[in-house]
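Here the structure comes first, spelled out in structure tokens, and everything after it is commentary.
In what follows, every chain begins at residue 1, and chains take the letters A, B, ... in the order their sequences are listed.
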Amino acid sequence: MLKEFTKGIFKRNPVFILLLGLCPTLAVSISVENAIGMGVASTFVLVFSNVIVSLIRSLVPKKIRIPCFIVVIATFVTLVELFLEAYLPGLNKSLGLFVPLIVVNCIILGRAEAFASRNPVLLSLSDGLGMGVGFTGALVLLGAIREVLGANALFGFELVPGFRPAMIMILPPGAFLTIGLLLGLFALIRARREARGAE
Amino acid sequence: MKGKKERLFKVTPAPQLHGGESIPRVMWTVMLALLPAFLASLYFFGWKAFQIEAVSVITAIFTEAVIQKLRGRPVTITDGSAAVTGLLLAFTLPMDVPIWLPAVGAAFGIGVGKHAFGGLGHNIFNPALIGRTFVMHSWLPFMTTWSPPRLAMYAQVDAVTYATPLGAAREAVISLVPSPDGIFSTMDMFWGSIGGCIGETSALALLLGGVFLLIRGYVRWQTPAAFIGTVVLLTWVLPVKEGAIALAPYHHLLGGGLFLGAFFMATDMVTTPVTGAGMLVFGLGCGLITSIVRLYGGFPEGVCYSILVMNAFTPLIDKFTRPRIFGT
């Protein structure tokens, strides 16, 4: 069970290894605050949809399983959306359209289809939690890099007075640059490690 | 006739003669061709222009060396390609940028624009323009503040808002628009005594270098002819955006970065098509995009983006203009 949890963080990280959910990742990671908000919201949906999908996996006819999963996911997204609107309107506004778009986040449907619909409840819960933490971690990493370089700030606080941030980093090209360089870096680390293992 | 001869050369069977060309020779010839524009930048923008150029070139060479070391490749900084990138980048910066800005641009251009794609010969986009685009969108205020050239009217006055000819026309600042009464006369634009990036203002100097490259055969006439011709034609026939002032085609010809782009950037051997027909298409596309940006876009100048956009089309253009294999 622990293995199902940790695989989502490192070995099968949804963003850096599986390259899933890149659209919200790129769009929302302009600051750490947004990244955490998006990550936690997605983790919530991921965990509960995984649990429910796993519970109903023997009841759902195979041919209409995708619509069924989507209905389950959409239910939890609606919960998250209403919660954010009521208690965190500021965050809700800065995440904007990407909150309802969690419904079509491929990580969530992907885990429902590839894992939760074939595994028992506890394993699915652990898988969803791991994937969620991995997704959140990736978002926070991207958000931190972009906020520091692009806005000279972290959690909205100014870091180095007088430093002129490179605005492009919080614009869309900055997202592509950051994720591209990070993916390259992780690929390099992996290649080095494999080379060492082969010796 | 020239085209036919070349096609014959391409299918010549095995025993072949080395033409004596090499990357260093091409690059240092390009450097030589940039010399007039370099001198013009010193003449019109003074010591600060030299600082920008020096910082940019040194950072470009240094970045290239460091990355080639890290990648375990032979260090080829003496081939001049990094130096050319650095100098071209410096040419596209305004005089008042802080001195660290060309360094950041050069490091980004070489690091991400060139080596992230695999180094010289593998880069899709012109590294100098990638560097410029990065600093442009990171520090927009620095990149859109212009100082008057040293010899211009009002240059002795301390604080004077200045503009490039294209920018002035866009903002409809009547007094700055090229006219017999304004600051810019057509002769100023030809010699280079106008606002603009340090290496782009002197049409004469760029033309000298461009013609030199044409004679040496490193630049073929198709790209600059198609690029410049399209811009002149379109800016002549198309109406301007509401509120902007219509410039004469020769103002569009001389007032921005057209010569620098058309002779030195749209002709980069790595990132532009290899056949004559392809070069025509490339130049045409560049001219079209430049004209549309200048007349209707958000920025007054579009040479940089037009070349970058067309860089992306280069593989496609090459595919469709591939010469017929001899005998088929």
Exercise for the section: Could you tell me which portion of A:L177 (side chain, backbone, both or neither) has an atom closer than 4.5 angstrom to a non-hydrogen atom of chain B? Expected result: side chain
Handout entry: Minimal non-hydrogen separation, B:H137 against A:M167, with atom names
Key = O-CB, 3.6 Å
Problem - Over 12 foreign heavy atoms within 6.0 Å of CZ, A:F44 - result: yes
Exercise for the section: Spell out, as yes or no, whether a donor-acceptor pair under 3.5 Å connects the side chain of B:W139 to the backbone of A:R164. Expected result: yes
Practice task
Count the heavy atoms of every other residue, nucleotide or ligand shown that sit under 6.0 Å from CZ of B:F313, and state whether that count exceeds 12.
Solution key: no
Problem - A:R65, CZ: over 12 other non-hydrogen atoms inside 6.0 angstrom - result: yes
Handout entry: Whether over 12 other heavy atoms sit under 6.0 Å from A:F176 CZ
Key = no
Practice task
Mark yes when over 12 heavy atoms from residues, nucleotides or ligands other than A:E33 sit less than 6.0 Å from its CD; otherwise mark no.
Solution key: no
Handout entry: Side chain / backbone / both / neither for B:F134 at chain A, heavy atoms under 4.5 Å
Key = both
Completion exercise
Bottom line for A:P173: the part with an atom under 4.5 Å from chain B's heavy atoms is neither
